[in-house]
Amino acid sequence: MGSMVGAAVVRKEDPALLTGRGTYVDDVRLPGTVHMAYVRSYLAHARILSVDTSEAAAMPGVLGVWTNADLEGLPPNRSVPGMERPCLAKDRVHFVGECVAVVVATDRYLAADAAEAVLVEYEELPVMASIAAATAEDAVPIIEGTASNVVLEQVLSATDAEEELAAAPHRLAIHLRNQRCAAVPMEPTVCLSDWQSSGLTIYATTQTPHHMRNEMAQMFGLSQQEVRVVAPDVGGGFGAKASCYPEFILTAELSRRLRRPVKYVETRSENLTSMVHGRAQEHDVEVGFDDEGRLLALRVRITQDCGGWPDATGIGLPTLTSFMSGGCYKIPVIAPSFRSVVTNTTPVGSYRGAGRPEASFMIERVVDHVAAELGLDPLDVRRRNFVQPGEMPFATQFEGIVYDEADFPGALDKVLEHVDYPQLRKEQATRRDDPSASLLGIGFSTFVEMGGFGPTPLFEQFGYVGGWESANVRLNVDGSAVIKVGTSPHGQGHQTAFAQIVADELQIDFDRITLIHGDTATVQEGIGTMGSRGVPVGGSAVMKAAIKVRDKAARIAAHMLEADESDVELVDGEFRVKGAPGKSVGMGEVAVRAFKPHLLPDGFDLGLDETAFHEPQNLSYPSGAHCCVVEVDRDTGKVRIARYVAVDDCGTVINPLMAKGQIHGGVAQGIAQALLEEVSYGPDGQPLAGTLVDYTLPSAVDLPHYETDHLVTRTSFNPLGAKGLGESGATAAPQAVVNAVVDALSHLGVRDVEMPCTPQKVWRVLQQNGS
Amino acid sequence: MSHHKVRITVNGTAGEDEIESRLLLVHYLRDTRGLTGTHVGCDTSNCGACTVMLDGRTVKSCTVLAVAADGADVLTVEGLAGDGRLSPVQEGFRQCHGLQCGYCTPGMVMAATGLLLENEAPDDTEIREGIEGNLCRCTGYDMIVDSVRWAAANGGAGEAASRHVHGGGALTPDEAGPAPSGSQPAPVVTP
Ligand code: FES
Ligand code: FES
């Protein structure tokens, strides 16, 4: 039987999704459902003087209007103690889009009408919509009860590296910005809560149904058994659907009060101010290095904009940035520290890569800066600093942050097999001399990031019960198999990938394997899908459960074959006795026998149904090398991506077709961050991009063709040897693109262009540098 | 709020409904007709998740009032697969992994179908321009381009869409046969 792991199988998910028979939360219809709509703040910072709900409450179809005062006792969203955001703003609003009141009506149009009729009187407060404003002399604390808008400060090293920086032959100070981005899953937040006497059921657009169940149970004082969270088909998440939103709590509470199912469907306009944003970091970097470009010391001061309320996940992100600040380089001293600043903007949480793209962008820009300073080829600087394959696993200076097996120079060599680097450099020089030609730039990103989140001690810091994943594999009497898993895919294709794993372990037909996920009533336990953990952690749990089933099946087969268990082997879907090729029983026959007590040894446990947990020993560290070639139009500043080549090392590849999809999607988001996207605010805290077009979410004409390849270095940190892949593209791409853009302009003395490298910005840089 | 009686044929099935004048076609399809395959991804007519065919042309159904579709013939993603088989465009998306979360997919498939009705053999640039009004956050578009190219080479827009455009109505549910199921054999393809 051929191996399914590694085969480019088309997805099991697709026939339903392609024919309109997927079930997203808004497709779930429960009789008697009523609809919730928000009244949101249009001011970024204000005191609420009064909320007049009388007109709205009297409108047709309206079942009620609630403000914070009406929800006494409803617990706030969990976050940093003392900084929890109430579901509805209490006395003050902290950002445009914050929820002030809710309306419930029999129809979503009527609910929206009534929300418009709620009158809120505000007294405007000074707006601090940027880190600079929130940390200025005259800034006032946004969160009541705090002394300053700097709500968290942490130093992650014993030294500030000043001594080493001072002693280094060269020293550079660099300021870098990782702009605020929006995740923009095509399906916004949607939830439907149904509180019955037997308990609470919530259908929600979440990446973490089990975690949400635990949180809801705790908030409402229910046992976990009384809460059921269902994440059916979910239309993308990219980290932003790992946060808990007020609507989850509010629809539940209002369903309890109204005794009817309550649904909330966010509009895109709401989504752009309501769903957590990502990135939003500024870095002040100092680097010390020698004449050959060897990095000797690195100091990084990170400032994290956490938005109007610290998000439970978001608050941990700069820690991850700090841990990854050395990238794939051996730097003797690294001194990271961070401060988290509350501003009058949308809260910041995780967005694809969550803390690691910021680190990777920083160190990869630093390496290019060092090369430019010394007049060296950026690839030579990289090669002189790489951690070598023979040094793996590599313990960084941060406790517990140990890179697993990888080959950083090998990935770079591999990407160079796809591009003729010397030829590109020649062409670059020719074009520079030809004023009618566009400028050519070549950028590299040799990156390493974190995948396979937990382990448990790390995940506890983000409020999760654990960092493990759980799976159950059951072989039915008809020989078909069912997997239940605690990951909660929202586009990743777990149904296919996990069936591939089980098909190999049990040697049964891939088409007869089904996956159940995303429902706490049917899946025993789980943590969820984020942090590139689906395959390395979830897949490892599935593999372990399948092996347990196989082992038990082997015991039954041994009984059937009257052989010793140690002599039985599974070959091509049949159990055979070693050395006696004539005697065999198929897995199907064993499945039937598993339910026949009278034909099994006395006391044999019936069934083939096994649960396994996988706790990762550590994070895994996906890595790779990406190369981007850009053309910059001298007259317009427009950047065109001529080539994008990605070599990724995610360890074992389960399905090359889906792996390619993950890389493409991540790279697309990384390119979009480099060239197009930014959530920006006016000084009054008004968001400047209120629609998908204003935000310049890329369409098919804005993005290039991608060339992908793999380097496979299996990790020893989990049984599958897989490192995770979901976030690599988004982590690697921004600096590959920006390095290419800066490279295109480097002959003009340009050392930096801030993201996003829009035509206006690049054009201005060209003008200023006398192109 | 005034109400109107409308007759709208969707995927070959005629319907007569009493609706509010402000009801959007996309909500009519989803809520009145129960066809939830057509999605909503924005409120500013930017994303294309709601794309359907209305009397032979692709439209964003969030920009059309249902009353304006009175008497019209609508084809949605649910009406594309005939005789238990995926349409060439649907099959192309499946073969080339042109979808991940699937949320943009119904609109994307309808837009691609519309494109292939107008241009049987689009090149990659024409494909990208043809689906420019449809946003996907998962795929980065490259494999969607592959999918549409695959469809162009393997039957084009497909029977249901051609019949929708050239008259003769959409496939009736009887003609369409059972919907394709998730347990179809999954061929191994080389990417
Ligand atoms: S829902 Fe976005 S264009 Fe119609
Ligand atoms: S597949 Fe998820 S938005 Fe396109």
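Proteins get letters first, then strands, A, B, ... in listed order; numbering begins at 1 in each.
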Contacts of residues 26-34 of chain B with chain A (heavy atom under 4.5 Å): B/H27, B/R30, B/D31
Side-chain (B/R137) to main-chain (A/M186) donor-acceptor, under 3.5 angstrom: no
Note, B/L86 side chain near A/T19 side chain (heavy atom, < 4.5 Å): yes
A/D233 portion near chain B, given a 4.5 angstrom heavy-atom threshold: neither
Side-chain (A/Y24) to main-chain (B/G102) donor-acceptor, under 3.5 angstrom: yes
Closest contact, heavy atoms only, B/M143 versus A/L657: CE-O, 3.6 Å
Non-hydrogen atoms of B/C47 and A/L692 that approach each other most closely: CB-CD1, 3.9 Å
Gap separating the SG atom of B/C138 from the CD atom of A/Q662, nearest 0.5 angstrom: 8.5 Å
Chain B contact via A/Q495 - side chain, backbone, both or neither, heavy atoms under 4.5 Å: neither
Expected output: side-chain A/R268 to main-chain B/G41 donor-acceptor under 3.5 Å: yes
Proximity breakdown for B/V40 and chain A, heavy-atom pairs closer than 4.5 Å: backbone
Engaged part of A/L110 at the chain B interface, taking heavy atoms whose separation is under 4.5 Å: both
Which atoms of A/D26 approach chain B - backbone, side chain, both or neither, heavy atom under 4.5 Å: both
B/T44, part contacting chain A, at a heavy-atom distance under 4.5 Å: side chain
Heavy-atom pair count under 4.5 Å with chain B, highest-scoring of A/G235, A/G690, A/S699: A/S699
Any side-chain heavy-atom pair of A/V701 and B/E129 under 4.5 Å: yes
Least distance between heavy atoms, B/C101 atom then A/L17 atom: O-CD1, 3.9 Å
Side chain, backbone, both or neither of A/V234 within contact of chain B (heavy atoms, under 4.5 Å): backbone
Test item: B/D142 side-chain N/O and A/Y706 main-chain N/O as donor-acceptor pair under 3.5 Å: yes
Closest heavy-atom pair and its distance - B/R94, A/L18: CB-CD1, 3.7 Å
Interface residue of largest heavy-atom contact number with chain B, from A/G666, A/G665, A/A668, under 4.5 Å: A/G665
Winner by heavy-atom pair count (cut-off under 4.5 Å) against chain A, out of B/L99, B/N134, B/I127: B/L99
Pairs of heavy atoms under 4.5 Å with chain B: top-ranked of A/R352, A/R512, A/Q669: A/Q669
Selection from A/G20, A/P60, A/G491 maximising heavy-atom pairs under 4.5 Å formed with chain B: A/G491
Best-contacting candidate, B/M108, B/Q100, B/H39, against chain A by heavy atom pairs under 4.5 angstrom: B/Q100
Choice from B/L35, B/V77, B/V109 maximising heavy atom contacts with chain A below 4.5 Å: B/V77
Proximity breakdown for B/I144 and chain A, heavy-atom pairs closer than 4.5 Å: neither
Crowding at CD, B/E120 (>12 non-hydrogen neighbours, <6.0 Å): no
For chain B, the option from A/G661, A/A672, A/G236 that forms the most heavy-atom pairs under 4.5 Å: A/G661
From A/D14 atom CG to B/Q90 atom CD, the distance as rounded to the nearest 0.5 Å: 11.0 Å
Interface residue of largest heavy-atom contact number with chain B, from A/Q492, A/H490, A/R29, under 4.5 Å: A/R29
